[in-house]
Structures are given as C-alpha cells and as structure tokens.
Amino acid sequence: ADANRIMTRRSDMFRLWNAGASNVFVQSDGARTLVQVLNFTGRPAGHPMSLWIAGQAASAKFHDLFGRTETLTVTAKSEGSEVSLPAFSSYAAVEFGDTA
C-alpha cells in the first residue's frame, strides 16, 4: 500500500514543476486552498514554475514576502487546477478559490 501511495499520481494533492530546491505546504478549508511554496535557493528559479492542485478552482491569487499580489490564470488540467507562478526568491503563497 505504501509503495502504491508513493508511486501513483492519482492521490497527489499538488504537483510542482521546475521547482528546483522547493517544498510545498497545502491547507484547505473546502472553499479555499492555500499553497505555500518555499524556495530554498533564495533566488528565482531559472525556468517558469508551475503549480497544480487536485480539484477545480475558479480563481488564484499569488502573494510574496514583499507584498506583491497578482491574480493568476487558472487552467483546468487532469481533474485539477494549474497556474504558472511569477518569479519569486524565497516564499510565495497561492490562494485558490471557488469564485473568480
């Protein structure tokens, strides 16, 4: 069971592409999902980073440590929602919501 859970993508809550040395923490209350991304290199990734979460979201808002806020375009993919993240140095949060 552990091998299947580790090896299959069907049970993923999130997927992060071009992440380099990054980690993700996901919180959800049913109506909103907050994804916090830590970039351990301290500099923006060399390639655009993408984030996918399980479930459908109608909106996404990006926040960083310096007060920058951007509305992101959400694309429905593989029974989930995907966004392209703006470049950030160490910390970003993406808030997914049910309404645009």
Side-chain angles (χ1 to χ4, degrees):
D2 286 340
N4 184 50
R5 183 180 54 79
I6 293 168
M7 301 301 286
T8 185
R9 301 209 83 167
R10 286 183 299 195
S11 60
D12 286 352
M13 290 180 60
F14 69 89
R15 296 178 195 152
L16 199 57
W17 286 274
N18 295 327
S22 298
N23 201 356
V24 173
F25 182 70
V26 180
Q27 296 173 284
S28 182
D29 66 5
R32 293 178 306 166
T33 299
L34 178 67
V35 180
Q36 299 178 73
V37 184
L38 291 172
N39 176 1
F40 295 107
T41 66
R43 61 183 182 273
H47 300 284
M49 195 181 298
S50 296
L51 170 66
W52 175 92
I53 62 165
Q56 300 302 315
S59 65
K61 193 165 266 200
F62 171 89
H63 307 275
D64 73 4
L65 282 177
F66 304 104
R68 178 174 53 149
T69 301
E70 294 183 30
T71 300
L72 304 177
T73 301
V74 179
T75 304
K77 284 197 176 170
S78 303
E79 299 179 20
S81 302
E82 185 175 333
V83 294
S84 293
L85 300 180
F88 65 96
S89 59
S90 57
Y91 172 85
V94 180
E95 183 179 2
F96 291 91
D98 288 338
T99 58

What one should report as the nearest heavy-atom pair of Gly80 and Trp52 is CA-NE1, 3.4 Å
Please tell me whether Tyr91 and Val24 are part of a single hydrophobic cluster in this structure, the criterion being side-chain heavy atoms less than 4.5 Å apart. no
Quick one, Gln27 with Gln36, criterion side chain to side chain contact (heavy atoms under 4.5 Å, CB included). Give me CA distance, side-chain angles, the key distance, then yes/no. CA-CA 8 Å; Gln27 296 173 284; Gln36 299 178 73; 3.2 Å; yes
Applying side-chain contact (heavy atoms from CB on, under 4.5 Å) between Phe96 and each of Leu72, Val26, Leu34, Val83, report the one that passes. Val83
So, using side chain to side chain donor-acceptor pair (under 3.5 Å) as the criterion, who are the partners of Ser78 when residues are at least two apart? none
Determine, stepwise, if the pair Phe40 / Asn23 fulfils side chain to side chain contact (heavy atoms under 4.5 Å, CB included). CA-CA 8 Å; Phe40 295 107; Asn23 201 356; 3.7 Å; yes
Taking CZ in Arg68 as the centre, count heavy atoms belonging to other residues, nucleotides or ligands within less than 6.0 Å. Is the count above 12? yes
Write out all pairs satisfying salt bridge (charged side-chain N to carboxylate O under 4.0 Å, His left out) with one or both partners inside residues 50-62, taking only residues at least two apart or from two chains. none
Whether the side chain of Asn39 engages the backbone of Ser89 through a donor-acceptor N/O pair (distance < 3.5 Å, no angle test) should be reported. yes
Partner set under side chain to side chain donor-acceptor pair (under 3.5 Å) for Thr71, not counting sequence neighbours: none
So, do Leu16 and Ser22 sit near enough that their side-chain heavy atoms are less than 4.5 Å apart? yes
To the nearest 0.5 Å, how far apart are CZ in Phe66 and CZ in Phe88? 11.5 Å
Residue list, side chain to side chain donor-acceptor pair (under 3.5 Å) with Gln56, at least two apart or on another chain: none
Identify the two heavy atoms, one from Ala60 and one from Val94, that lie closest to each other, and give their separation to 0.1 Å. CB-CG1, 4.2 Å
Write out all pairs satisfying side-chain hydrogen bond (donor to acceptor under 3.5 Å, both in side chains) with one or both partners inside residues 79-88, taking only residues at least two apart or from two chains. none
Applying side chain to side chain donor-acceptor pair (under 3.5 Å), can you list everything that pairs with Thr33, at least two apart in sequence or on another chain? Ser28
Report yes if some heavy atom in the side chain of Leu51 is under 4.5 Å from a heavy atom in the side chain of Arg15; otherwise report no. no
Once you round to the nearest 0.5 Å, how far does CG of Leu85 lie from CZ of Phe62? 6.5 Å
